[in-house]
Structures are given as C-alpha cells and as structure tokens.
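Throughout, protein chains are lettered first and strands after them, A, B, ... in sequence-line order, and every chain is numbered starting at 1.
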Amino acid sequence: MKWLDMFVEKSSRKIARVTSRRSFLTGLGTVLVGSTAIPLLPVARAAGGGDSEAGGNGYPGVASQTTGNIEDPGDPTSCDYWRYCAIDGFLCSCCGGSHTTCPPGTEMSPMTWIGTCMNPVDKKHYIISYNDCCGKTSCGRCLCNKNEADKPPYRAFSNNDTNWCLGTESSIYHCSTGIIVGVAVDKQ
Amino acid sequence: MKWLDMFVEKSSRKIARVTSRRSFLTGLGTVLVGSTAIPLLPVARAAGGGDSEAGGNGYPGVASQTTGNIEDPGDPTSCDYWRYCAIDGFLCSCCGGSHTTCPPGTEMSPMTWIGTCMNPVDKKHYIISYNDCCGKTSCGRCLCNKNEADKPPYRAFSNNDTNWCLGTESSIYHCSTGIIVGVAVDKQ
Amino acid sequence: MKQLLIGVLVLVFSVLVQAELPVDEIGIIEKLPATYPDSWVYAHDTNFYSLLDGKVVIVDVAAENRHYKGSLGVGQFGSFLPANTRPELYAAETFYSKRLRGERTDVITIYDRVNLSPIDEIVLPGGKRGQFVTFKSSLQFLNNEQFLLLMNFSPATSVTVIDIEKRKIVSEVQIPGCSMIYPTAKLSFASLCSDDLMLVSHLNKDGSINKQERTAKFFSGDDDPLFMFNGKIGNTAYFPSFKGQIYPVDLSSAKPKAGKSWSMLSKKEMAENWRPGGWQIVSAHANGQLYVLMHKDGFNGSHKNGGSEVWVFDTTMKKRIKRVVLKEWGVSIEVTKGDKPHLVVTNGNYDLDIYSATDGSWQRMIGGRAFEMPMVLHAAN
Amino acid sequence: MKQLLIGVLVLVFSVLVQAELPVDEIGIIEKLPATYPDSWVYAHDTNFYSLLDGKVVIVDVAAENRHYKGSLGVGQFGSFLPANTRPELYAAETFYSKRLRGERTDVITIYDRVNLSPIDEIVLPGGKRGQFVTFKSSLQFLNNEQFLLLMNFSPATSVTVIDIEKRKIVSEVQIPGCSMIYPTAKLSFASLCSDDLMLVSHLNKDGSINKQERTAKFFSGDDDPLFMFNGKIGNTAYFPSFKGQIYPVDLSSAKPKAGKSWSMLSKKEMAENWRPGGWQIVSAHANGQLYVLMHKDGFNGSHKNGGSEVWVFDTTMKKRIKRVVLKEWGVSIEVTKGDKPHLVVTNGNYDLDIYSATDGSWQRMIGGRAFEMPMVLHAAN
C-alpha cells in the first residue's frame, strides 16, 4: 500500500514545495503555563467572565462542534483538533466559517503554509493547508498557535510569523482554516 | 463674597453656554456591580493579571499620582478624583498627559462638555471643562465614566455619548482631561 | 492478465480511498441566507479599546453551536441598519486616509446580506456625520425603505436624506435643538428636542423637506429625561424615562401623539430607587411585551450603569408580568422576533447571555472575545 | 475713600484667590525630551485583536509613576525603529483607503521624538512591505543612520534602502532565500538564509548594491534553527538556537565571522529540556551580560511558548551567572541601557513586569490595558 501513499505524498509535497508552508501570526496567543498549552488572552479575559457552555474546547463562550464524520474526530473549535497541529491564528470554525471554509465576505488566501498532521482514528498523516481568510478585521475568537516544525522567517515557507494574506485584495487577516490536500508518507 | 463667585460663575457659564457640555464616550466601561462603580473591562482583564502597584486607583498596573497641591486632593489616575465627577473616557493622566494636559502628539478639542464638581478640601464647586485629546487611537487605560447630570443627545451639550473630537484635525478619540475654568455659585 | 491487474488496482485504490479522508475543496467562502431566521441578531461592537475598528457581528442566538455567522466592519462610532425589504445592510462610518489622520471620508457602505461584502457606497460630504457611542435612532428608514436617514452633528444637528434605492443623497433637513430619527408616517420622522417635545419633519415624495412642526411638551428633560432607546410595539414607541416612567408615543399618523405615561414602579420599588439603566435599556416584542433593564439603588447619574434584572411589562395592562434576574450584570438588551423569542443580554464582560424571553431561563453564553463591547443589538427581521 | 475701597477690594480678591484653586491653562500638549532617559522603553503592541490598530507605547520603567509617556500608531504588522543621532522615530506601516480594504499604501512615517507627531513620510511602491508579527530586524539603519533598510516579502524577499536624511528611496537589494537585516559594517548588512548561512550585502556610498557574498554554513536550520532575535554586545551578536546553543557572530568587519557556539545548558538542564522560548527571547547589556528567556520541558514547537525564568550569562566566561525566576510567565524580554539596567518582561497577561537587571528583584507591573500584546520592546538609546 505504500506506493499509493507515496503517490499522494508526491503530489501533495509538490503543493507543499510550491505554495508551501504558511501563514502569519505566531500567536503567543498560546503560551505554556505550567505544561499545558492554553491560549492566554482568551483565558485571561474569561477569568472575569461567566460560565461557559463550551464543551471542552478551552474557549468559554464558544460552543463545540463536530465534523459529523467519525473518521474525522475532534472539535473544530478546539485548538487540539488534529488538523490544527501546525495552525496559527483565529480558528475560522469560531468565526462564521468552518475548518475548511472562510466566513462570508472574506477572501481565501491562495498562498498557504502546509503542515502534516496525524488523524488519531486512521493514524494516517494528512497534509493540511492552512489557508487564511482575509479582508475583515481580526476575528478575535479561538486564537490557536501550534509551532511544531515552525522555522524562523529565513525559512520563509516554514514560518508562521508572516502575514500570508498575500495574494488577496486586502492583506487584513481574519482567521485560518485547515484543509486536507492529501495524505503524507505512511509512517507506520 | 458672593459677588466674586458670581462674577466667576458668570464668565464660566458663558463658556459653558457657548462651548458647553462635552464629550463622547459613555463608557459603560463603568457599570454598577453591586453598589460600587468599577470600570468593568479593566477589572475583567486584571482578574487574569498579576499584582498591582496601584495605590487605590482601581486600575491594576497604573501607578497612583498626586497633584502636588493639598488644596487639590486625590489621585488624578483614579476615577474617584474629584474633578472627574462628570468625566467620560480614558483618563489622560494614565496616557502620557495629566488631568489638565494632553499626551504628546494629540490635539486638544476646542469644544468641551462642562461639569460642576465639588472640591472636598474647600467645599467649593468648580466648573470643570473635560477637553478631549484627539488624533491618536483609544488610549485604553483608566476608562472612567461618571454620568451625574448627563442628559441624552437631544440635550446635546449635556450629553457625553457624543464624540466631541469635533473641531480637531482628526476625530479619533484618545483620552480626556479635567480642567478648572472657574468657580460655580457657592452652594454653602 | 493486464485487465486483471487493472481490476485489482482499482479495487485496492477504492478500498484505500474509503479508508482515508477525502481531499477538501479549497476556496469555499460561506454564504448566508437572503432572509435571516428570527433567532439571528446583529451585535454592534463599538470597540472602545480600538474605536476605529468597530464591527457588527451576526449571531444566531438559538443554535446549538456555530453562533457566529459573520461580521462586517463598522468603525469610528459608526451606525448600522439592516434592510428588511431587500438583502442589504447599511453601515455609516468614517475613514481617515492614514487610519488615524489624513483626509476624512464619511460614507454609507452598502453590504450584500448573503455575502457580507460591500457592493456600493455613498460618500457623504461635509465631514459632519454624527459620531455617537452607537444608537439605533441615528440611522433609520422612511417610506418602506426607499429613504435612508442619517443623523449629523457638527455640533449643529441635521438629518441627511438618501434615496437608497437610487443610491444618492436627496436632501438635508436641519433639526436645530433636536436629535435623532424616529420614523412616523411614510414620509415623516420625529426627533427628540431639548425643550421636552418632538420636532416632526415631513418630507415630499422626492425626499425634500415639506414642513416641520412641533408636538406639545410631554416630558421633562430637567427632572426625568427620556432615554433615546424605545421599544416599539405596533405603531407605539415606548420610551422609558430615567426615573422609571414609560412614555408611550403613538406613531401611527404623521404627527406623533404622546399618550399618558405610566410608572414601572410600585411605591416600594420607588423607595428602593429601582430605575432603568444601561445602554440599550429597552426592547419589545410584537406580542405586546416590553422588556426593561433595571437596577436598584439608582441615583442621578446611574442611568448608564446597567442592571441586575430585566422587567417584563404587558403594555396593554401597563403591568409587570415577569422579573428576570440576570445571571450576569446586564448592559444592553434585545428581544428577538417570532414565536419563540429570546432575550439577548450584553453582560458586564461584554459577552452575550441568551435567555428564553418566554420563561426567563438562561440558555447559553456567546462570547470568547467575539466582541469587545457589543453596545447595540438589532434583532433580525 | 475711593482708594480705600479699591484697596479693600484688592485685599478681598487676593484672599479669595488664595482660597480657591486657580483656573488652569487650556490647550497644553505634553512634550518629551529630545533624548530619552536610559530607563525608557518603546513597547511595540502588535495588537492581534485589532491588527490594523497596532501602536508603540513609550514607557518609563524606572519612575515611581507616570510610566506611560506617549504613543504613536504603528499598525497592520508594522515595523518600528527609533533613531539615536537625531530626535526621530520611524514607523513602517500599511494603510488601506477604506480601513480594511480599498487602495493599499505602504509608508515609512517619520515622527518627531519630542512631539510624537508625524513630520514626513516616504511612500513605498509595490505593496510588498513585509508583514510579520513584529521583528526588530525588519527595519534597521546603516552608515550611522543615514540609510534606513526595510524588509520586503511578496513572497520574494528584498530590502528597500532609503536615504532617510534625504527622505528618498535609493535602491532595492534582492536577498533570495534569505531574510531580515543585520547591519555589519558601515555600508554592509547580513541576512539569515535558508541554507544555514548569512548572505552579506555590501552597498556603495550612494546606497546602491555593490556586491553580495555568502558566509560558510554555521548552523543547522533543520536540527536546531537560530532565532531571529539576538543580543548584541559590542560588535558581537549572540543568536540563541531553539535547543539552547549560543551562536556568537562577530559583526565588526563587513563580512560577519561566526564564532564557536556554546551551550547554555548543563547536562541536567539538557535532560530536563530547558530551552529558550517566547517572542523576543534575548537581550543584552553593554556590561557583557546576555539575558535569555527559558522554559523547561521544551519540545519541537515550544520555541514560542514563553518562559518561567530569565537566565543571565557572562559572555566572556560563557557561563551562567544568574537565574531570575519570573513572577509571571514571560513572553518577551528587554534589558535597558545604563548603570542601573532594568529587565523588562512582557508577561502572559500582556502587561510589563519590571525587574532590576542587577539583582533580579521584581519592582513593578505596568499595564492597565496600556497594550494588548507588546511583543517587541526597544530599550531607549
């Protein structure tokens, strides 16, 4: 079965090499406090806030979602959702879009940074394109920053401190998606 | 002694009538929680914050000041400072200005809203002009809203929900001062 | 043999495909329905901490999740108004060429409600667009949404009349000593005035001014001012006063008729100084119920302090029928339309608490820094 | 009699004047000194929650009060650099004609340090100004502050050279595969490159490109990348790596010389995975001490997670001389200049904690929503 994975891998890597890594916004919205990564400002603000109906996504005042597909597990409004292993920014799922779509009135950036994340159900590694949605002001909800394999800007296409709202009409950043573009080499 | 007060009163009232009441920004940055007026958002944010060196001004991370004049008591970084009895906005004392001056690079609005506040030392009622400082973005510090004698916008010159950065080059609001322009009728 | 091999390959391939998640489509932008459900609310975030970057967030208050539907920028003390007769939204705002400075441009931006994208704009001359903390009455329709009326403040007060169908400015009506826009008949609007009455401006069919007249005095700005916000039921606007009276104003004919005011308070409540307070302190439902945000121990100056309870009145009986004790201190309230209305409360943390308007039960909190200061809430439809 | 009356009146008047507070002067705008004290810091607030409305706040970290001295707008992933040879500040930023959309204008705005007001601007063509979370190395001087160099990213990388004395653009230097600006000699700057070395660009006296050359490889971007931030002591820039090595780069001649790297970690600390992490993770003082923000239990991806301690190294001995255990989790650090340096830490609440850099004692917290996210700190002078 390796050959098929490798085929998909090959075409996906090509995308990764051409348009490559991705987007903007380190957050430092997430910093390690103790040993758990939590988004700092939302938490700081939530401390003065009311109760939350949030399932366990860590964002009080943001309701949990599912993908509706048991093969695609987890909560797309949670920073821990498997596709977000290398995301950086506000989650579009919390902003009127979804993990694969942009909110109304924004424009999806044609250039992205690509991450490789493992789906915990099928244990396969998927190539995820973190396309940004641009043209409306900072969404403000669900700031999520994961820096696995992030490199400084001298490896530009592996860097998420750059505003990648680049080929869009406006470079104003709104939120980020996590789109499956292929399957990576099976590491099993 | 009345005659002198009345003289000052007369000229001050003229200012009050011509340029009259004042400024912008309801806050609702201050709302009553229980029975003490506290600025809500700073508190909400401060809840996640660290210790404060703030004397008792209610704004963690903002150090107290004095006027240096015992006849002018209180802390110009506190919403409870006597001159602020009808102020509404960010206190310039917390923003690089003072209770009577604007921060560098801003422009003082020529039109103001006038309040009448009692100095607890001499028990006299002073006419206070709440000139806004304009042209830089919202200061963000020491949001303070007191609505004594505030009226809705149909009494425009008694209304503080209006942005009074009007005769300035830019209408962007930054912070507010509390300037003595005279003494009101002695109510003793 | 070759055919067999291909068959095996196809079989292997399809098994694999089923075992993996499919590739997603790239470039999809969400759309919204041309008509929003009754449970949707436009939350206008004044954003004091970055006033130029205000916005309106569209929220579904009834859904289990995905409450945040989309947003549009409405900055620098902007005004906002959704249309009902066509899928458009209107934002009155101010830009500076260099963000904080430079050349000022006041505009009405027209947004497409389906795509939340700007489709046109009307530039407003004179740099006099009124900048307020955010009122509903600063931007209003007349004549079945043909005319869009915008409040100016320089500090002279006037109203710009825009033919929004033709997308051009048609006139400017001076309203000296008065403020804001309360539509009455098809071509008439009232404004509240400093001398305790309403000025009524009657327009011609082309939007030009026909005549103006004044009502009798009917309230006291000195002793007990009316709030700018009102709850409208049918053709009657209910204006609360600072000290807890309700002033019904009949807007069914061109000239408004102020009815007899009634008190929201019992003697005990009056002694306890219960008063309306907050920003958007009142809302109403077509079923005749009026909702007012109330606080105890009120005083001169407490009228923007928010409240701990929402009191519900039957406007026919002029009687309170419910007290909703809020979970969190309230700043602004709005009741949604339809059979299962929701009471939406901007709380002191500037998140939204959603209650059943029917039984007052708390349902959910919508926040997560979706807004910095959602001062004004517009129920859809 | 008349004279007596006047005398009495004057007496009464002066008594009264003394009994009352004097009328204040209206219209006073504060000014700042042309040279700031060593205890002042420029805190660059990236403001993620309203990215277009970023700003720089000037803070006195040593004073008893009045810490907030003033501010200037530096928005939309802007870059900022204060001059030392003249009282000017430079902000590279991006405006849209309609705030969030419309025509894009990239500019360098020149601010007067005394009045914090814009005095001139240089419009940058091509809409390619690099937009990053906020780095120091994206905007730098050459030739004793004659040239101002700005990083572009489109995603092609280049550097625009501006004669800031003449206030005009003089050239653009392509730096393919490389990023940022590290001044070396008077007319040369280095950039960090994807192939583990530095590209050196040598300019002519007029600011045009003379030649470019590459250093040898001296680090491993695959295994242990260098951070973009460095602590500069004399002519040596100390770059920490993700896993805790220090790479000294001698910038005293036009072509940088990478020295031998050394580890910040003992074997025990290495086993505990102590690593540098945060945003501005390093700072230095002219006394030879290097300050690095550190966290325990590091892993691949923890390099922006901030830290619980600041480790202080003697760069001559290559030895740690102090551990400052932070009161609050740190995100960025800066050490001020002068004899009594302060360690300024952007904490996890995005307020500033001020410590003595000498003994590590905590002195004060400066915040109160002065900033939303002060990611980068520039010590004055």
Side-chain angles (χ1 to χ4, degrees), chain B residues 1 4-5 8 12 41-42 45-46 48-55 59-65 69 71-72 77 93-108 110 112 119 121-122 124 126 129 131 133 135-143 174 177 179-183, chain D residues 9 12-13 15-32 45 47 50 53-55 57-59 63-73 75 111-118 327-328 347-353 362-372:
Chain B
M1 282 185 282
L4 187 64
D5 286 340
V8 177
S12 303
L41 257 181
R45 191 177 192 231
D51 293 6
S52 162
E53 68 153 357
Y59 302 110
V62 179
S64 291
Q65 299 173 14
N69 178 357
E71 308 288 316
D72 186 352
T77 66
S93 296
C94 305
C95 304
S98 72
H99 54 297
T100 59
T101 63
C102 282
T106 62
E107 186 183 2
M108 194 179 277
T112 74
N119 178 337
V121 165
D122 63 15
K124 287 186 190 297
Y126 289 83
S129 171
N131 299 65
C133 305
K136 289 189 186 286
T137 194
S138 311
C139 162
R141 276 187 129 196
C142 304
L143 184 58
H174 184 65
T177 64
I179 291 172
I180 295 177
V181 294
V183 179
Chain D
L9 277 173
V12 170
F13 189 85
V15 166
L16 282 171
V17 165
Q18 282 177 4
E20 283 161 8
L21 293 176
V23 164
D24 296 310
E25 195 178 334
I26 293 184
I28 300 176
I29 312 293
E30 297 288 342
K31 291 183 181 199
L32 300 179
D45 180 1
N47 196 0
S50 191
D53 198 26
K55 61 181 184 284
V57 179
I58 298 164
V59 179
E64 193 185 330
N65 55 22
R66 298 177 193 273
H67 301 113
Y68 189 120
K69 309 310 288 184
S71 68
L72 54 143
Y111 283 84
D112 161 13
R113 191 155 56 198
V114 173
N115 296 300
L116 296 186
S117 50
K327 198 165 178 294
E328 296 267 346
N347 68 28
N349 305 308
Y350 297 106
D351 294 318
L352 301 183
D353 276 315
W362 180 84
Q363 298 182 329
R364 62 181 55 83
M365 187 270 283
I366 300 172
R369 206 150 175 174
F371 346 84
E372 293 293 322

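Between D:Phe371 and D:Val59, some side-chain heavy-atom pair lies under the 4.5 Å cut-off. Considering only heavy atoms from C-beta on, B:Thr177 comes within 4.5 Å of B:Cys133 through its side chain.
B:Pro103 touches chain D through its backbone: at least one of N, CA, C or O sits under 4.5 Å from a heavy atom, while the side chain does not. Only the backbone of D:Lys69 comes within contact range of chain B, judged by heavy atoms closer than 4.5 Å. Of the atoms belonging to D:Leu72, heavy atoms from both backbone and side chain fall under 4.5 Å from chain B. Looking at B:Cys94, the atoms closer than 4.5 Å to chain D (heavy atoms on both sides) all sit in the backbone: N, CA, C or O.
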Notebook entry, point to check: Can you check side-chain hydrogen bond (donor to acceptor under 3.5 Å, both in side chains) on D:Asp353 and D:Asn347, steps first, answer last?
Noted result: CA-CA 7 Å; D:Asp353 276 315; D:Asn347 68 28; 2.9 Å; yes

* Checking side-chain hydrogen bond (donor to acceptor under 3.5 Å, both in side chains) for the pair B:Thr101/D:Glu30: CA distance, chi angles, key distance, verdict? -> CA-CA 6 Å; B:Thr101 63; D:Glu30 297 288 342; 2.4 Å; yes

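In terms of heavy-atom pairs under 4.5 Å with chain D, the best-connected choice from B:Thr100, B:Val121, B:Asn69 is B:Thr100.
Judged purely by atom type and a 3.5 angstrom limit, B:Ser138 has no side-chain atom pairing as donor or acceptor with the backbone of B:Gly140.
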